[in-house]
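Remarks on the structure that follows.
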There are 2 protein chains.
Amino acid sequence: MTQKMKMAATVEKTLKGLQTEVQSTNKMAISVDCVIFGFDENTLKVLLIRSDLKKYKGKWTLLGDLVKPDEDLDAAAYRVLKQRTGMKDVYLEQVKTFGEVGRHPAGRVVTVAYCSLINIQNHQLQILDNEIHWHSVDSLKDKELGFDHERIFDTCYRWLQKRVQEHPLGFNLLPKKFSLRELQNLYEAILSKKLDRRNFRKKFFSMDFLVDTGEEERDVPHRPGKLYKFDFEKYEKKKKVWGGIDF
Amino acid sequence: MTQKMKMAATVEKTLKGLQTEVQSTNKMAISVDCVIFGFDENTLKVLLIRSDLKKYKGKWTLLGDLVKPDEDLDAAAYRVLKQRTGMKDVYLEQVKTFGEVGRHPAGRVVTVAYCSLINIQNHQLQILDNEIHWHSVDSLKDKELGFDHERIFDTCYRWLQKRVQEHPLGFNLLPKKFSLRELQNLYEAILSKKLDRRNFRKKFFSMDFLVDTGEEERDVPHRPGKLYKFDFEKYEKKKKVWGGIDF
DNA sequence: AAATAATGTGTGTAATTTACACATTCTAAA
DNA sequence: TTTAGAATGTGTAAATTACACACATTATTT
């Protein structure tokens, strides 16, 4: 028996153990999986890691981890984000829970899917693990993800598409200062369709969350656009006044 | 590095995505809790059971149960419904998962909240357990629910209020044949506000899911209204054409 | 200096939502 | 039998919102 085989055997034993243990006790493993969106080069991207798990070796998967016994679900999701990207204070929201019996090869694992939006240009962003890469959302059509992560991703992506039309979440994906063209590019990328420049502008100004910084774009080969920042405080206040917009 | 350590490292890597140390303490109980809505006497109601758990003895709680090791989440929710109401083929949808560490006195229990709509007049409905009762949603304001079920209920109720404005789910709460007045009463109860009779009528007819049964109300002390039924098939077809309306 | 390619600001039209009025049909009381 | 009452059924006009589209402005590039 080679070294490698022994290791493989140990791995399988561990996985089996997990399975029997879960089944015998009526308890099960719970994980969080984060769909982490970013926006770069006018492209919507998602952060994925190459799986090491035998069955899905080499396949791309979402970033996730088991929830610890003394850890809240949200906290687990934030922990994954912090560990994997170095960022905290990021936008994060629970989307849906996936718990089909056969969804994980290691046994019963119920996973809570979270959606996260981060700014790729943020200097705090640190992707240390070289098995972790950004993938354009478009390119995922041609990739096969591990586990049921394709379905989870689809769910979260559709969730995002709907969500950004009800709440101005997109700002979480942009740098502090941005031009209206950048904002529109973002929305076009998320919604995967062209928008009318003038109506888009009108709509966002009418929301009244954009603050003119007085600055302008630089080093662009055309008339520079004004740079704006998003008034997060104003938005939070309005959200409270609106009351239960979300459920 | 010892042999054992190497193996451990491999296991760890293999379970990447899961937590580093695979131990039984990493597993927890998972339950489903169903917010079962009904509509009777022009009032929106919810089905609750008196808790027998020591800490919440006598308090009203949602209907729920632990998820079995070989049972899908949705299946568990359907099982609860069948066991508690005798009904199957009911409307059911996952809403949100609650997993705070201290939410259950018996230890770590993560619960997946489901929202269900049933027709109280349905002859299949059988509430056998005499600890289970219908409560008007309004009256819940003055009741203290067990566990964190107040929060779960609030979430599901707000979810419902938003949901019925995007999808005609209300029909699941009504008998097969109903008048437009009954339908409006239902929506007014759910949304907790008065609606204009004529605009309401216009809106629903324009949706084109109402089928005239040719029958009329009977034994009403005024001009009888026409009775309609909901075209579930047509709705399902349209939903497919719409594509990903929900996330 | 002219051509080019963005930004910035409207304006008019269609579609949807909202507000509101009147005739019809049945019950129940006089 | 007649009449008052109450709810059903059908429209129509105003107001708001979404959509389509045009033109002047400001910078860069040739």
Side-chain angles (χ1 to χ4, degrees), chain A residues 41-42 161-168 170 174-175 177-230 238 242 245, chain B residues 41-43 161-162 164-168 170 174-175 177-230 238 242 245:
Chain A
E41 296 165 327
N42 282 349
Q161 289 185 314
K162 188 182 175 191
R163 195 79 169 135
V164 293
Q165 308 212 48
E166 302 172 337
H167 291 269
L174 293 176
K177 298 172 184 177
F178 52 86
S179 69
L180 264 179
R181 165 51 58 186
E182 289 176 291
L183 185 60
Q184 182 173 343
N185 286 341
L186 169 64
Y187 272 78
E188 290 184 340
I190 292 177
L191 301 176
S192 191
K193 68 176 178 192
K194 286 282 166 201
L195 302 172
D196 183 274
R197 193 172 60 87
R198 294 152 285 189
N199 293 331
F200 181 83
R201 179 177 284 266
K202 213 183 308 175
K203 185 165 193 166
F204 267 90
F205 280 132
S206 74
M207 279 199 260
D208 207 30
F209 294 133
L210 292 178
V211 181
D212 193 332
T213 64
E215 299 175 56
E216 288 187 341
E217 285 180 307
R218 308 235 270 150
D219 304 320
V220 286
H222 54 74
R223 174 180 176 181
K226 288 184 182 178
L227 291 179
Y228 298 90
K229 60 182 179 184
F230 180 68
K238 277 216 183 171
W242 292 339
I245 286 283
Chain B
E41 296 166 327
N42 283 348
T43 309
Q161 289 185 315
K162 188 182 176 192
V164 293
Q165 308 211 49
E166 301 173 336
H167 291 269
L174 293 176
K177 299 171 183 177
F178 51 87
S179 69
L180 264 178
R181 166 50 58 184
E182 289 175 292
L183 185 60
Q184 183 174 340
N185 285 341
L186 168 64
Y187 272 78
E188 290 184 340
I190 292 176
L191 301 176
S192 192
K193 68 176 177 191
K194 286 282 166 199
L195 302 171
D196 183 274
R197 195 171 58 87
R198 294 153 285 189
N199 294 331
F200 181 82
R201 179 177 285 266
K202 211 184 311 175
K203 186 164 192 168
F204 267 91
F205 281 131
S206 74
M207 277 198 257
D208 207 29
F209 294 132
L210 292 178
V211 181
D212 193 332
T213 64
E215 298 175 58
E216 289 188 338
E217 285 179 306
R218 309 233 272 149
D219 305 319
V220 286
H222 54 74
R223 171 178 178 181
K226 289 185 182 178
L227 291 180
Y228 299 88
K229 59 183 181 183
F230 181 69
K238 276 217 184 169
W242 292 340
I245 285 284

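Please read these numbers as outputs of a predicted model, since none were measured by experiment. Naming: A, B, ... by sequence-line order, numbering from 1 per chain.
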Q. Would you say the base of D/dG11 and the side-chain of B/Arg201 have a donor-acceptor pair closer than 3.5 Å?
A. no

Q) Checking only heavy atoms, does the side chain of A/Arg223 share a donor-acceptor pair with the base of D/dT26 at less than 3.5 Å? A) no

Q. Base, sugar-phosphate, or nothing for A/Arg198, non-hydrogen atoms under 4.0 angstrom?
A. base

What is the separation between atom [atom1] on [X] and atom [atom2] on [N], rounded to the nearest whole Å?
X        : N      : atom1 : atom2 : result
B/Arg218 : D/dT8  : CZ    : P     : 18 Å
A/His222 : C/dA3  : NE2   : C1'   : 17 Å
B/Met207 : C/dT16 : CE    : P     : 14 Å
A/Arg181 : D/dT26 : CZ    : C1'   : 16 Å
B/Gln184 : D/dA7  : CD    : P     : 12 Å
B/Phe200 : D/dT8  : CZ    : P     : 12 Å
B/Leu195 : C/dT17 : CG    : P     : 14 Å
B/Lys194 : C/dA19 : NZ    : P     : 16 Å

Indicate yes or no for a side-chain donor-acceptor contact from [X] to the backbone of [Y] under 3.5 Å, with no hydrogens or angles considered.
X        : Y        : answer
A/Gln161 : A/Ile190 : yes
B/Thr213 : B/Lys229 : no
B/Glu182 : B/Ser179 : yes

Starting the side chain at C-beta, find the nucleotide from [options] nearest to [X].
X        : options                : value
A/Asn199 : C/dT7, D/dA20, D/dT8   : D/dA20
B/Arg197 : D/dG9, C/dG8, C/dA28   : D/dG9
B/Pro224 : C/dT18, D/dA22, C/dC26 : C/dC26

**Q.** First encountered from the 5' end of DNA chain D, between A/Asp196 and B/Lys202
**A.** B/Lys202

Q | 5′-ward residue of the pair B/Glu217/A/Lys203 relative to DNA chain D | A | B/Glu217

Q: Name the residue closer to the 5' end of DNA chain C, choosing between B/Pro221 and A/Ser179 according to the nucleotide with the nearest heavy atom.
A: A/Ser179

Q: Can you see which heavy atom on A/Gly170 is nearest to which on A/Leu186, and at what distance?
A: O-CD2, 3.3 Å

Q. Is the NZ or CZ atom of B/Lys238 both under 6.0 Å from the centre of the six-membered ring of B/Phe209 and within 45° of that ring's axis?
A. yes

